[in-house]
Amino acid sequence: MDNSDILPKAYEPQTVEDRIYKTWMDSGLFNPDAYPDATEPYCIIMPPPNATGKLHTGHALGYFLQDLMIRYHRMKGYKTLWLPGTDHASIASTNKVEKILAKEGITRHDLGREKFLERVSDYVEQSRSDIGRQGRLLGASCDWSRERYTLEPTMTRAVRTMFVKMYDDGLIYRGTRIVNWCPRCMSTLADDEVEHTDREGAFYYIKYPIKNSDTSITVATTRPETMFGDVAIAVNPNDDRYKQYIGGAIVLPLSNREIPIIADEYVDMTFGTGALKITPAHDPNDFEIGKKYGLGVLRIINDEGNLNFDALRKEGYDVGAIQSFEGMERFAAREAVGLALQQAGFLEKQESHTSTVGLCYRCDTIIEPLTSLQWFIDVNKKVAGRDESLKEMALRAVRSKEIQIIPERFDKQYFQWMENLHDWCISRQIWFGHQIPVSYCLTKDGGCGETIVSIENPLKCPKCNNTNLTHEEDTLDTWFSSGMWTFSTLGWPDNIEYKDGKIIKKGDLATFHPTTVLETMWDIIFFWVARMILMTEYALGEVPFKVVYLHGMVLDKDGRKMSKSREETAIDPLDMIAKYGTDALRLSLLIGVTPGNNVRLSEDKIESYRNFVNKLWNISRYVLTFTANSHDKEGDYTLADLWIISKLNRLIIEVSASIDQYEFSRAAELLRVFTWDVFADWYIEVSKVEGAKRTLLLSILEVLLVLWHPIVPFVTEEIYRLALPSFPDVKPSRPSLLMVRAWPQANPTAINEQVEKDFGLIQQVIQTIRNGRAENHIPAGEEIEVILYTPHRSAFIAPHINTISRLTHAKNVTIQEIGERPSSALFMQVEDIEMFIPLSSMKIEEEKTRLDKEIANIEALIGRTNTQLSNQEFLAKAPENIVQEMNLKIANYQDELVRMEQQRKRLV
RNA sequence: GCACGAUUAGCUCAGCUGGUUAGAGCACCUCGUUUACACCGAGGGGGUCGCAGGUUCGAAUCCUGCAUCGUGCACCA
């Protein structure tokens, strides 16, 4: 019979994967509603990828981990939901489209709001469909019928409802605060959206002349251009150098404006000159000091990042002397101011200096701290009726272990971040996003000045009936909507009712929330995970998920980040899938990867796992061709049969336990070892000699396919399809698709240590003979003779003679209990079994040397063990079984030594 | 500055709660076309587990310090 009738010689993922995925989709089995009898829910809400392009290897890793957990629990009979979606990612999407526009030579402002939003929507729609297609290529078994998008109408309603609720509870407020401003994005950023990095810059030592005096105080600053906004000079009250000037005034260089000299403990006497210029509009610390002393705020850098002195004019200051600086870009202004100070004799010196600057996490532009009227969430205010602030809720959820973070060490980072959390600025001056649900009834429009916060945009002012309302143009921080992701996707707020002050969940929300696991990369633990916990605790009074599993970053083979700007090092998961198949990519991202740790990915690695997938394929091919040709006459189980059954049951237990404990790499590793080393290289080879059993082979294969399926779903599903007609139809529960085949139950009574030990001995005998052959360069063609001397185990070895000889290419294996050992033979031993390979061309001298070496080795070992065993403390304190084992060991060593010495004598 | 990781074979990494002579994959060397698989099989070489102390009968594993690399947070103008 031709093997190719059953399976092609090599696995060809390209011809299989699309078809298999379509079968899964058509079956409708990704949808938990297809399992009406399942009661226990298991739910993962997919972290929505940004709809800004295509999936990269980092996404792939997340998809694979989630799919593994989902498929495993689905097979275990849970009501399993994996809900997919995409994020509109306001800033990221805006930037992408702005880049495209830049190539056309226009900006978003040239296009105008309406047209620009159309462009973004088109772009995002394209992206979303690409992402969906790619998710299918990755094998994601998510319920596409429940797919969500953070900017779709139902999500908008949820977001606006949330905003109104928080506003009504007094948790959202509008105020002028110092914010992080990106002059390129033209928007605010949250504190954690600012990345800090060291930059080489200059330290300017500027003389600030004291009024009515010919002395001055020197101030060191890295940002001289902000001095137009200075409102004071601060020194430490204990600083003897400046004590006498406190309460006096400074005439601000260039501006000629007078500012006070104040004292505050905040000033570090040892840093710089010990004198600090206070610029409240452009530095968070200065803002606090300014507030403390009522110094006022003079904002002199506008939204574009250019100098602007309107604030000075408004306060009635004469800007004539500094007019030439107005309109200058902030960094050009820095140079210009430095030069002007030098020319006017105010610059004492200039030193090079490294300081930290904040960068926009989306476009790397240097952040300008500035004061601005924005919307904030108050994280420290007690929530009405809850006796906890948002911050306290979020801390408690993790402290109490209601949420378990894997790996645990990220707890600390979470606490540290959450404890330092300031009010969260949620308004963005980005056009693309959820519009803030606020309208203003402005007095200039004939209104009453009312601020209206409502889910639907109001047509008229509820207070004065004015219909000429202005709607807030700012949009919400993307993380506001993604913070609601676990419950907005499950139907909040429609799926809740309030009864007697309690929240009653309905529908999917009741079934699946709190969700089971959140799987994501550690880099968004603050952006996203923390905010989800905070917002969910607020909205539902429960945690969003019970477990947070954090994966690491996917790096290239040299450990570098696969950034888009370094295309040559970036591995495109889709290219790899096309070349090696999805399963190979899955294995290379799952094996050897531990939670929270980064993964290095290289094409070599993917290739080697492609080889494994092919091995699995060929094992199946062998089993299926063999069983197709064999008849069902099978005798009793042999030692090898009992051994593989024992190993298989052990495997089921260990793989299940590993997945339950989120040790996915270990699960895959156990399976790989069993499949390749245990099943293929030993059991199948032995069964070829001793006679294979059709049903046993098939049932091992079937269990293997099930266990492998969550990790490599495509190849296992395809093999299962081809094997289905061969499987003995004893289990009526066997479905037509592997993805819903029940996870196997181990039979603990089949695990037999004695059997494993016995078969292990046969393996060792075979390996030792093979080793002897190879080391002595006995060609494979040369059939050898093997004589075993075993006084006690001849009856045990005898049935395996044939196996031993076939697997060692021996023409003849004989067993002796007693008798004269041959001297012109290679000598080996396994436990108390002596093995001889008589050779006509025996090199006696070489064998002597080898034996001498081995004797020295074992003597050293005996010496070490003896030292240990004569240590009274060891005997007294070590557990008994350890001591016993060691006694046993030394006895064996000594026996081995004796046999070796005897053989050595024979060679003389 | 504070915190958290990492440091094990040439390379990438396992090694759970301390207990034989420390493992895997890749790479390397030798041999091999035995009809499941050369995307393969058999065998092999290669590590004082970053350094220095300590706890312990016993440490890659626990503790302390140091070094190198990486990350997060906070930054003093």
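Chain naming here is simple, since letters A, B, ... match the order of the sequence lines and numbering starts at 1 in each. Atoms considered below: every heavy atom in the structure, side chains included; atoms not considered: hydrogens, waters and symmetry mates.
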Measuring only the [atom1] atom in each nucleotide, how far is [N] from [M]? A whole number of Å is fine.
N     : M     : atom1 : value
B:C29 : B:A67 : C1'   : 36 Å
B:C51 : B:C40 : C1'   : 44 Å
B:A24 : B:G18 : C1'   : 22 Å
B:A22 : B:G46 : P     : 13 Å
B:U34 : B:C28 : C1'   : 26 Å
B:U17 : B:G5  : P     : 14 Å
B:G70 : B:C13 : P     : 15 Å
B:U64 : B:A27 : C1'   : 39 Å

Among [options], which nucleotide sits nearest the side chain of [X]?
X        : options             : answer
A:Asp268 : B:G43, B:A36, B:A77 : B:A77
A:Ser355 : B:A38, B:C57, B:A77 : B:A77
A:Ile684 : B:A77, B:U71, B:A36 : B:A36
A:His777 : B:C37, B:U71, B:U30 : B:U30
A:Asn771 : B:G43, B:C39, B:C4  : B:G43
A:His196 : B:A36, B:A74, B:A77 : B:A74
A:Arg770 : B:C73, B:U34, B:G43 : B:G43
A:Gln416 : B:C73, B:A36, B:A77 : B:C73
A:Leu861 : B:U21, B:A74, B:G72 : B:U21
A:Ala774 : B:A36, B:A24, B:G43 : B:G43

Would you call the rings of [X] and [Y] parallel, tilted or perpendicular, taking 30° and 60° as the class edges?
X        : Y        : value
A:Phe410 : A:Trp522 : parallel
A:Phe674 : A:Phe679 : parallel
A:Tyr622 : A:Phe626 : parallel
A:Trp417 : A:Phe526 : parallel

Need one value for [X]: base, sugar-phosphate or nothing, where a base atom within 4.0 Å counts as base even if backbone is also close, heavy atoms only.
X        : answer
A:Lys412 : sugar-phosphate
A:Asp198 : base
A:Ala680 : base
A:Thr273 : nothing
A:Phe526 : sugar-phosphate
A:Arg672 : sugar-phosphate

Would you indicate whether the side-chain heavy atoms of A:Ile259 and A:Ile233 approach each other to under 4.5 Å?
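A:Ile233 vs A:Ile259: side chains touch.
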
Whole Å only: how far is the [atom1] atom of [X] from the [atom2] atom of [N]?
X        : N     : atom1 : atom2 : value
A:Tyr683 : B:A36 : OH    : P     : 16 Å
A:Glu607 : B:C40 : CD    : C1'   : 14 Å
A:Glu873 : B:C57 : CD    : P     : 5 Å
A:Phe415 : B:G72 : CZ    : C1'   : 16 Å
A:Phe612 : B:C26 : CZ    : C1'   : 16 Å
A:Asn618 : B:A36 : CG    : C1'   : 5 Å
A:Phe410 : B:C73 : CZ    : C1'   : 13 Å
A:Asp681 : B:G41 : CG    : P     : 5 Å

Examine distances only and state if a side-chain atom of [X] and a backbone atom of [Y] form a donor-acceptor pair shorter than 3.5 Å.
X        : Y        : answer
A:Asn776 : A:Ile778 : no
A:Thr221 : A:Arg223 : yes
A:Asn629 : A:Thr625 : yes

Would you call [X]-[Y] a salt bridge at under 4.0 Å N-O?
X        : Y        : value
A:Glu348 : A:Lys207 : no
A:Arg806 : A:Glu690 : no
A:Arg850 : A:Glu854 : yes
A:Lys688 : A:Glu685 : yes

Scan for ring-ring contact (aromatic ring centres under 6.0 Å, His included) pairs involving residues 582-616 of chain A, sequence neighbours excluded, and state none if there are none.
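Qualifying pairs: A:Phe612-A:Trp676, A:Phe612-A:Trp708.
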
Taking the nucleotide of RNA chain B with the nearest heavy atom to each, does A:Ile858 or A:Thr221 sit closer to the 5' end?
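By nearest-heavy-atom nucleotide position, the 5'-most residue is A:Ile858.
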
Using heavy-atom distances to pick each residue's nearest nucleotide on RNA chain B, tell me which of A:Arg409 and A:Thr354 is more 5'.
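Checking each residue's closest nucleotide, the 5'-ward one belongs to A:Arg409.
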
Report yes if at least one side-chain N or O of A:Trp522 is closer than 4.0 Å to OP1 or OP2 of B:G5; otherwise report no.
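No, no such contact exists.
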
Looking at B:A36, I'd like to know if its phosphate oxygens (OP1 or OP2) sit under 4.0 Å from a side-chain N or O belonging to A:Lys688.
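Yes, within the criterion.
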
Annotated protein contacts, base or backbone, on nucleotides 7-20 of chain B with a non-hydrogen cut-off under 4.0 Å, one of B, S, - each:
-----SSS----BB

Is there a donor on the side chain of [X] or the base of [N] sitting less than 3.5 Å from an acceptor on the other?
X        : N     : result
A:Arg610 : B:C39 : yes
A:Glu685 : B:A42 : no
A:Lys615 : B:C37 : yes

Convert the base pairs of RNA chain B into dot-bracket notation, remembering that pairs crossing earlier ones are written with [ ] and that bases paired across to another strand are shown as |; include only Watson-Crick or G-U pairs under 3.5 Å.
(((((((..((((.....[...)))).(((((.......))))).....(((((..]....))))))))))))....

